[in-house]
Amino acid sequence: MKRTEIKAVLQQGDVGAKVKVMGWVRTKRIGKNVAFIALNDGSTIKNVQVVVDTTGDFVKLLENVYTGAALSVEGNLVESLGSGQKVEIHAEKIDLLGKADPNEYPLQPKKHSLEFLREKAHLRFRTNTFSAIARIRHAMIFAVHKFFNDKGFYNIHTPIITGSDAEGAGEMFQVTTLDLSNPPKDDEGNLNFKEDFFGKASNLTVSGQLEAELAALALGKVYTFGPTFRAENSNTTRHLAEFWMIEPEMAFNDINDDMDLAEEMLKYVIRYALDNCMDDLEFLSKRQQDEEKNKKADERSMELIEKLNFVLENPFARITYTEAIQILRNSKPNKKKRFQFVIEGWGADLQSEHERYLVEKHFKTPVILTDYPKDIKAFYMKQNDDGKTVRAMDVLFPQIGEIIGGSQREEDYDKLYNRMKEMHIPEESMWWYLETRKFGSVPHAGFGLGFERLILFLTGMGNIRDVIPFPRTPQNLEF
RNA sequence: UCCUCCAUAGCUCAGUUGGUUAGAGCAUCUGACUGUUAAUCAGAGGGUCCGAGGUUCAAGUCCUCGUGGGGGAGCCA
């Protein structure tokens, strides 16, 4: 008999029909006449209840059925006598596919801490929380590709190994095949990368942006969605050494088009989650509320689904950096010196506390900040006529802060070249980037979206290590 | 990298001012009961109190160092 997934059984199973399901046991309740097994196969967060006759031959088999065991069950799909579910399966045939010794299997039908489950990352997919996150993560990957495809963007695979060390987005992981216990040296005693695999120093990419720009300046609209690596010693709930980034890049577009795209895209994928992941979102909402029930009322998060709808229904606030500084200088926490970093004047970089004030207290909606001082932003951003600011735009979200960083790019060869000189970017390794400004240069813009930060927001989780299956962070490379 | 907090049963945690035999819930086992919903009830087993050193008549509790982890900051997505 052919297996049916539990999602299909629960949604469109014919009552009275015979079905076969396979899955992992979540709980077993054994009684005098019948036992109940909650079975889950990952197709949905919902379990199917298997009812087993304990007066017959199943008794012996049930002795080996514990939380975590894998079963194949054949039986009749019937209307449930109990109140917790509409239908259930009356088992006629049960095969124990894989045992799970309860003395060794670490997951129990109870609440585990996220820290504990992080150390059991190989098994945490089997919990409601982590399977829900995995399903939502998939849906968001799909929604991102669908969004860009439907808008006529082309997906570009930018390189993962790069010879450029000037992307300027952070510390890089070096890639080498040299013998590190006895590395070759040149005449001056420095490492001789000519003997390395590529004949030069090579690293893992910190951004696909520069290559995406090359493609955009021929194909019009492109995006990347790939792994990104940062060797920063960052130990926070929103940084990973290996994460996934989405980077659209559009020719013939300015910073306003860039903001429109960012807002439209975020709303599109949030809508997609609400339309396609409601079971998982509802579970995660309850999880978050349960976790925060000991907090004071004003410290609790907005209910997850309400929060997502709120973002959909309200336009993002769009203000310049200069306006933000004005608001912050006049804000209560600044006047009362409640900020750890008091805003003194124009030019200061905004700290997380300032971004959170703007988003969570002042505007109470996502905020797009533009036109930052050029000295705190990257070399490739388009310089404004004031000589002080660049056309950068950061999208700030409640709780997680910067979810998107983007800009209009400097398309003028001389301005770009001079800025690279000022910022000590080695132009000889960037000749190919500069050439695009020599041949048919046009205004263009793009941004980078941290995929895991998006998932943090959508799931209400608090730690980025819980929204990627196998997180890579400093001093942590298990699994 | 900096600041800060934590480490007690398989899991989640309590453990008073340093004081006699270290507790609870869940899980496991035994029994009862039962169309149950993380079932319920009664009982049992289960501990190198993270590691090393120190103070003390006496350390789970205090001190030092180490290890592991959480949270915050910076860097950023």
Side-chain angles (χ1 to χ4, degrees), chain A residues 25-38 46-54 63 66-68 78-85 88 90 100-120 127-128 167-171 206-209 226-247 262 290 339-341 349-353 355-356 376-378 394-397 400-406 447-457 462-468 473-476 478:
Chain A
V25 174
R26 285 296 173 77
T27 59
K28 174 185 75 168
R29 294 178 290 279
I30 196 157
K32 199 177 216 170
N33 301 313
V34 287
F36 301 95
I37 297 169
K46 292 180 174 153
N47 304 323
V48 70
Q49 174 158 282
V50 177
V51 184
V52 187
D53 189 347
T54 50
E63 284 174 12
Y66 293 99
T67 298
V78 299
E79 278 184 41
S80 179
L81 299 174
S83 58
Q85 55 285 315
E88 63 195 16
H90 281 193
D101 183 343
N103 293 313
E104 291 180 60
Y105 186 64
L107 304 183
Q108 294 167 21
K110 60 164 287 190
K111 192 173 155 54
H112 290 286
S113 69
L114 296 171
E115 292 83 2
F116 172 73
L117 292 170
R118 231 168 266 157
E119 290 172 9
K120 306 273 181 272
T127 64
N128 286 331
E167 287 167 0
E171 291 298 311
V206 292
S207 166
Q209 179 198 318
T228 311
F229 308 89
R230 304 267 169 98
E232 311 272 337
N233 190 11
S234 296
N235 295 288
T236 78
T237 54
R238 50 188 194 287
H239 288 87
L240 292 165
E242 176 183 290
F243 64 102
W244 291 73
M245 191 153 65
I246 297 148
E247 295 175 290
D290 194 48
F339 284 139
Q340 199 184 336
F341 297 91
D349 206 350
L350 300 182
Q351 312 292 324
S352 332
E353 57 181 349
E355 297 179 349
R356 291 190 64 158
I376 58 175
K377 288 292 180 184
D394 285 1
V395 181
L396 309 178
F397 262 37
I400 44 182
E402 187 179 343
I403 195 167
I404 280 179
F447 63 76
L449 165 70
F451 185 63
E452 283 74 19
R453 290 191 179 173
L454 174 67
I455 305 299
L456 271 183
F457 181 75
N463 192 318
I464 203 163
R465 292 162 205 174
D466 294 330
V467 298
I468 188 168
T473 52
Q475 300 300 314
N476 175 25
E478 197 63 52

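Note on naming: letters A, B, ... go to the chains in the order of the sequence lines (proteins, then strands), and numbering restarts at 1 for each one.
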Colleague: Could you tell me how far apart A:Lys377 (NZ) and B:A77 (C1') are, to the nearest whole angstrom?
Modeller: 11 Å
Colleague: How many Å lie between OH on A:Tyr105 and C1' on B:C26, as a whole number?
Modeller: 16 Å
Colleague: Calculate, to the nearest 0.5 Å, the distance between atoms CG and CG belonging to A:Leu350 and A:Leu396 respectively.
Modeller: 8.0 Å
Colleague: Taking B:U12 as the reference, what is the distance to B:A7 when you measure between their P atoms (whole Å, please)?
Modeller: 12 Å
Colleague: Rounded to whole angstrom, note down the P distance from B:A24 over to B:G45.
Modeller: 11 Å
Colleague: Expressed as a whole number of angstroms, how long is the span from A:Ile464:CD1 to B:C76:P?
Modeller: 16 Å
Colleague: Using atom P in both nucleotides, what's the gap between B:U20 and B:A58 to the nearest angstrom?
Modeller: 15 Å
Colleague: List for me each residue that meets side chain to side chain contact (heavy atoms under 4.5 Å, CB included) alongside A:Pro227, sequence neighbours excluded, and say none if there are none.
Modeller: A:Ile160, A:Phe229, A:Trp244
Colleague: Please report, rounded to the nearest Å, how far the C1' atom of B:G25 is from the NE2 atom of A:His112.
Modeller: 14 Å
Colleague: Is the aromatic ring centre of A:Phe243 closer than 5.5 Å to the centre of the six-membered base ring of B:A77, with the two planes inclined by less than 30°?
Modeller: yes
Colleague: Identify, with sequence neighbours excluded, every residue that meets salt bridge (Lys or Arg N to Asp or Glu O under 4.0 Å) alongside A:Arg238.
Modeller: none
Colleague: Give me the distance, rounded to whole Å, that separates B:U61 from B:C75 when you measure between the C1' atoms they each carry.
Modeller: 40 Å
Colleague: How many whole angstroms separate atom CD of A:Glu104 from atom P of B:C11?
Modeller: 14 Å
Colleague: Using the P atom on both, measure B:G43 against B:C65 and round to a whole Å.
Modeller: 47 Å
Colleague: Any idea which heavy atoms bring A:Ala100 and A:Gly68 closest together, and the distance?
Modeller: CB-C, 3.5 Å
Colleague: Run the side chain to side chain donor-acceptor pair (under 3.5 Å) test against A:His90 and tell me which residues pass, sequence neighbours left out.
Modeller: A:Glu88
Colleague: For A:Arg118, which residues count as a salt bridge (Lys or Arg N to Asp or Glu O under 4.0 Å) partner, sequence neighbours excluded?
Modeller: A:Asp466
Colleague: Taking A:Lys377 first and then A:Asp394, would you say they form a salt bridge - that is, a charged N and a carboxylate O separated by under 4.0 Å?
Modeller: yes
Colleague: Just jot down the salt bridge (Lys or Arg N to Asp or Glu O under 4.0 Å) partners of A:Lys28, sequence neighbours excluded, or say none.
Modeller: none
Colleague: Determine the interatomic distance between C1' on B:U56 and the same-named atom on B:U64; round to the nearest Å.
Modeller: 16 Å
Colleague: Classify the nucleic acid contact of A:Phe116 as base, sugar-phosphate or nothing, counting any heavy atom under 4.0 Å across all strands shown.
Modeller: sugar-phosphate
Colleague: For A:Leu107, report the nucleic acid contact type (base, sugar-phosphate, nothing); a contact means any heavy atom under 4.0 Å.
Modeller: nothing
Colleague: Distance check, P atoms only: B:C26 and B:U21, in whole angstrom units.
Modeller: 28 Å
Colleague: Run the ring-ring contact (aromatic ring centres under 6.0 Å, His included) test against A:Phe447 and tell me which residues pass, sequence neighbours left out.
Modeller: none
Colleague: Taking any heavy-atom pair under 4.0 Å as a contact, classify A:Gln108: base, sugar-phosphate, or nothing.
Modeller: base
Colleague: Check whether any side-chain heavy atom of A:Asn463 sits under 4.5 Å from a side-chain heavy atom of A:Leu114, and report yes or no.
Modeller: no
Colleague: When you compare B:A27 with B:G10, how far apart are their P atoms, in angstrom units rounded to a whole number?
Modeller: 16 Å
Colleague: Provide, to the nearest angstrom, the distance between the CG atom belonging to A:Leu240 and the C1' atom belonging to B:A77.
Modeller: 10 Å
Colleague: Not counting sequence neighbours, which residues clear ring-ring contact (aromatic ring centres under 6.0 Å, His included) with A:Phe36? List them please.
Modeller: none
Colleague: Identify the stems formed by RNA chain B, where each pair is Watson-Crick or G-U wobble with both distances under 3.5 angstrom and a stem is at least 3 consecutive pairs.
Modeller: B:1-7 with B:67-73, B:10-13 with B:23-26, B:28-32 with B:40-44, B:50-54 with B:62-66
Colleague: On RNA chain B, compare the nucleotides closest to A:Ile403 and A:Glu63; which residue's is nearer the 5' end?
Modeller: A:Glu63
Colleague: Just checking A:Tyr66: base, sugar-phosphate only, or nothing, at a heavy-atom cut-off of under 4.0 Å?
Modeller: sugar-phosphate
Colleague: Reading nucleotides 30-45 of chain B 5' to 3', which nucleotides get B (base under 4.0 Å from a protein heavy atom), which S (sugar-phosphate only), which -?
Modeller: ----BBBBBS------
Colleague: Within the 4.0 Å limit for protein heavy atoms, which parts of nucleotides 66-74 of chain B are touched? Write it as a string from 5' to 3', B for base, S for sugar-phosphate only, - for none.
Modeller: ---SSSBBB
Colleague: Taking side chain to side chain donor-acceptor pair (under 3.5 Å) as the test, write out the residues that go with A:Arg465, two or more places apart.
Modeller: none
Colleague: Taking salt bridge (Lys or Arg N to Asp or Glu O under 4.0 Å) as the definition, give me every residue that meets it alongside A:Glu452, ordered by chain and number, with sequence neighbours left out.
Modeller: A:Arg137
